[in-house]
Amino acid sequence: MSHSGDNATPTNTRTFSSLVVDGMERAPSRAMLHAVGFSNEDFKKPQIGIASTWSMVTPCNMHINGLADDAAAGVDKANGKAVIFNTITISDGISMGTEGMKYSLVSREVIADSIETVVGCQGFDGLVAIGGCDKNMPGCMIAISRLDRPAIFVYGGTILPGCHKDKKLDVVSVFEAVGARANHKIDDAELAEIEAKAIPGAGSCGGMYTANTMASAIEAMGMSLPNSSAQAAISQDKRLDCERAGAAVLELLKKNIKPSDIMTKAAFENAITVIIALGGSTNAVLHMLAMAHAAKVDIGLDDFTRIGKRVPMLADLKPSGRYSMAELVEIGGIQPLMKVLLQAGLLQGDCLTVTGKTLAENLAEVAPYPDGQDMIHDLDNPIKKDSHLVVLYGNLAPNGAVAKITGKEGLHFTGTAKVFDAEEAALQSILNGDIVKGDVIVIRYEGPKGGPGMREMLSPTSAIMGKGLGKEVALITDGRFSGGTHGFVVGHITPEAYVGGPLAVVENGDTIAIDAENNELQLLINEHEMARRLEKWQQPEPRYTRGVLAKYAKLVSSASTGAVTDN
């Protein structure tokens, strides 16, 4: 597949930087840039911003300063001029279960806005964005779409697993150990051992949680170099990935290949296909909708259902499976899986990618997985014959909800509502032993506006698992879930409770039915009773009236449209 830039007249590779540094009147700008290391020759080169999400806030990002240096070296060797700048990151895993977690989804918007602001202000001609945690990855991609300048996303890489009693550990192991301690299955000393051993160093959470899901999706979409999603954070492969990305952006500039040429509807469909095959996080639904919005691509909740009917879940990866991302790296990453999906007609091979080649061309020489591996199942022996990401509708979710149903939990659950207006109260009730078989835990006022910020419910869902109740209770919420969550869970319920969605009027003792075969979420009361309750309902006072959370609550859209803030 050729691109319009291939045979055209030479492209101006300095469209934006020339406006900042060329000509007599731009001497003051050049003077400031001399101070940060520009030579006279550098002013003639295309400027490439390197967006680094480095911080010591979290192990996911603690190594990215070094990776940014590698990407900059790749740009400079390819006769560009790299300029490294930073954006923020927060840690879901550290703030989980606290009021601070309300800033998590908000940070996606702050990151996107900050990258757009720096690149737009400084006149960078292209961009390499390096992300290593749940929100900075889609945040980078939203900015890349808005700017629509030649760009590549680089994944910071997965963490290696910890180990305790010959069992591999990750951060979710610690959350589940809390439930096990509350259930007296382990003692304080063992909990402390698991805590100390679970996170051995740098990199993103080790299962097919949100970070690894989004890295895989972005690679499948064509916006990362092949294998970027499947490299350990601390590895020579990852350093080379960054250096190659720096050089590759210069090629995209020469060929005038922009993100809008790559991030097409077909590319989003490819990404969704890979997310499903890998058993990826429910957060991917939220982030893909937001990325599509930024890219002006028509992707909605029902596209996940449409694609999910024909794409099976093939990967036996954590949280519901046995293996970590580091183990998938060892057998070849996601490229062999993508080749299988392509050969089966489940991927669209003519999509352009950041290599300048099509997806099919990139996959042509990819070797299959080694014989005997059981991490990625064959198409004729799937873990689940269709998607684990199930979009539910019904009188509790008129605008949709998202469930993660791997089949191991069963496909139906009917139970009795136990209602909580905040995550903390639900968690305490679980740990105290107040939740019993047959309960449906309802956590509301945790949506994008109501929280505000749509917290992840990893603490309660992990406590349920640790208590041994994973198959015996369900949890539904207008909040969302960590990629580490598993069990019978439904999130993203829309409209959310805070805006008067039906979740707001569920009462203790009500019967709730979840049907993942017919894609329904129902509160078993009649229409008259529902109308009576909604008529009586009054909106709570906002939890925040000033600052970033209040601003976010005013701007944010429904989770069913990606919880975006630039409608």
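Starting from 1, each residue takes its place in the sequence as its number. The basis for the numbers below is simple: all heavy atoms, side chains too, and nothing from hydrogens, waters or symmetry mates.
A donor-acceptor pair under 3.5 Å is absent between the side-chain atoms of Asp170 and the main chain of Pro161, judged by distance alone. Here the side chain of Thr58 pairs no donor or acceptor atom with the backbone of Asn61 at under 3.5 angstrom. Lys551 contributes no side-chain N or O that, together with a main-chain N or O of Arg546, makes up a donor-acceptor pair within less than 3.5 Å. No side-chain donor-acceptor contact under 3.5 Å links Ser104 to the backbone of Met101. Of the possible donor and acceptor atoms, none in the side chain of Asn381 sits under 3.5 Å from a partner among the backbone N and O of Asp378. Asp478 places a side-chain N or O within donor-acceptor distance of the main-chain N or O of Tyr445, the cut-off being under 3.5 Å. In this structure a side-chain-to-backbone donor-acceptor pair under 3.5 Å is present from Gln373 to Ile376. With hydrogens and angles ignored, the 3.5 Å screen pairs no side-chain donor or acceptor of Gln539 with any backbone N or O of Gly500. Formation of a donor-acceptor pair under 3.5 Å by the Asn136 side chain with backbone atoms of Gly139 is not found in this model. Put simply, the side chain of Glu109 never gets that close to the backbone of Val106: no donor and acceptor are under 3.5 Å apart.
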Side chain to side chain contact (heavy atoms under 4.5 Å, CB included) evaluation trace for Leu475 with Val440: CA-CA 5 Å; Leu475 188 151; Val440 178; over 6 Å; no
Carefully, step by step, assess Glu456 and Lys135 under the rule salt bridge (Lys or Arg N to Asp or Glu O under 4.0 Å). CA-CA 12 Å; Glu456 293 180 352; Lys135 307 307 163 309; 3.6 Å; yes
Before giving the answer on side chain to side chain contact (heavy atoms under 4.5 Å, CB included), spell out for Phe153 and Met137 the whole-Å C-alpha distance, their side-chain angles and the decisive distance to 0.1 Å. CA-CA 8 Å; Phe153 176 80; Met137 300 167 71; 3.7 Å; yes
Does the side chain to side chain contact (heavy atoms under 4.5 Å, CB included) test come out yes or no for Ile493 and Thr477, once each step is laid out? CA-CA 6 Å; Ile493 292 174; Thr477 181; 5.8 Å; no
Run the numbers on Met313 and Lys385 for side chain to side chain contact (heavy atoms under 4.5 Å, CB included), then give the verdict. CA-CA 6 Å; Met313 178 181 162; Lys385 64 180 176 59; over 6 Å; no
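Ion pairing of Asp316 with Arg322 is present here, as a side-chain N (NZ or NE/NH1/NH2) and a carboxylate O approach within less than 4.0 Å. A salt bridge links Arg146 with Asp566: at least one charged nitrogen is closer than 4.0 Å to a carboxylate oxygen. Using a 4.0 Å cut-off between charged side-chain N and carboxylate O, Asp510 and Arg533 make a salt bridge. Salt bridge present: Lys384 and Asp386 bring a charged side-chain N and a carboxylate O closer than 4.0 Å.
Sorted by first then second residue, the salt bridge (charged side-chain N to carboxylate O under 4.0 Å, His left out) pairs that include residues 269-291, not counting sequence neighbours, are Glu269-Arg306. Evaluation of the ring-ring contact (aromatic ring centres under 6.0 Å, His included) test over residues 387-424, restricted to residues two or more places apart or in two chains, returns Phe413-Phe488. For residues 534-545, there are no salt bridge (charged side-chain N to carboxylate O under 4.0 Å, His left out) pairs, not counting sequence neighbours.
The shortest heavy-atom contact between Pro452 and Tyr544 is CD-CD1, 3.6 Å. Residue Ala497 comes nearest to Ala504 through the heavy atom pair O-CB, 3.6 Å, listed as atom of the first residue, atom of the second, then distance. The two atoms that bring Ala292 and Ile299 nearest to each other are CB-CB, 3.8 Å, heavy atoms only. Summarising the geometry of Val442 relative to Ala417, their closest heavy-atom pair is CG2-CB, 4.2 Å, with the distance given to 0.1 Å. Between Thr213 and Ala284, the shortest heavy-atom contact is CG2-CB, 3.7 Å. Scanning both residues, Ser114 and Thr87, for their nearest heavy atoms gives OG-OG1, 2.6 Å.
Val506 is listed as a side-chain neighbour of Arg444, based on a closest heavy-atom distance under 4.5 Å. Annotation: side chain of Leu346 is not in contact with side chain of Val340 (no heavy-atom distance under 4.5 Å). Inter-residue side-chain proximity for Lys318 and Val172 is flagged as unmet; no heavy-atom pair is nearer than 4.5 Å. Residues Ile111 and Arg108 form no side-chain contact, since every pair of their non-hydrogen atoms from C-beta on lies 4.5 Å or further apart. Side-chain atoms of Asn283 and Leu105, non-hydrogen and from C-beta on, never get closer than 4.5 Å to each other. In this structure, the side chains of Ser145 and Met291 stay at 4.5 Å or more apart for every pair of heavy atoms. Counting heavy atoms from C-beta on, the side chains of Cys60 and Thr89 never come closer than 4.5 Å. Counting only heavy atoms from C-beta outward, the side chains of Ile88 and Val57 never approach each other to under 4.5 Å.
Note that the OG1 atom of Thr485 and the NZ atom of Lys404 stand 6.5 Å from one another [nearest 0.5 Å]. How far CE of Met325 is from OG of Ser204: 10.0 Å, rounded to the nearest 0.5 Å. Atoms CG and CG, from Leu521 and Leu396 in turn, are 4.5 Å apart once rounded to the nearest 0.5 Å. Taken to the nearest 0.5 Å, the OG1 atom of Thr414 stands 8.0 Å off from the CG atom of Asp515. Here OG of Ser558 is found 9.5 Å from NZ of Lys449. Values are rounded to the nearest 0.5 Å. Asp188 contributes atom CG, which lies 12.0 Å from atom CD of Glu193 (distance to the nearest 0.5 angstrom).
Considering only residues two or more places apart in sequence or on other chains, Asp187 meets the salt bridge (charged side-chain N to carboxylate O under 4.0 Å, His left out) condition with none of them. Residues that satisfy the side chain to side chain contact (heavy atoms under 4.5 Å, CB included) test with Ile186, not counting sequence neighbours, are Ala177, Ala180, Arg181, Glu190, Leu191, Ile194. In terms of the salt bridge (charged side-chain N to carboxylate O under 4.0 Å, His left out) criterion, residue partners of Arg455 (sequence neighbours excluded) are, by chain and number, Glu423, Glu424, Glu446.
For the 3.5 Å distance criterion, the side chains of Glu195 and His164 fail to qualify, holding no donor opposite an acceptor. Side-chain contact annotation: Glu327 with Ser324, donor-acceptor N/O pair under 3.5 Å present. Between the side chains of Glu219 and Ser229, a donor-acceptor pair is found at a separation under 3.5 Å.
Heavy atoms of other residues, nucleotides or ligands lying less than 6.0 angstrom from NZ of Lys471 number 12 at most. No more than 12 heavy-atom neighbours from other residues, nucleotides or ligands sit within 6.0 angstrom of NZ on Lys554. Heavy-atom neighbours of Lys197 NZ from other residues, nucleotides or ligands within 6.0 Å: above the threshold of 12.
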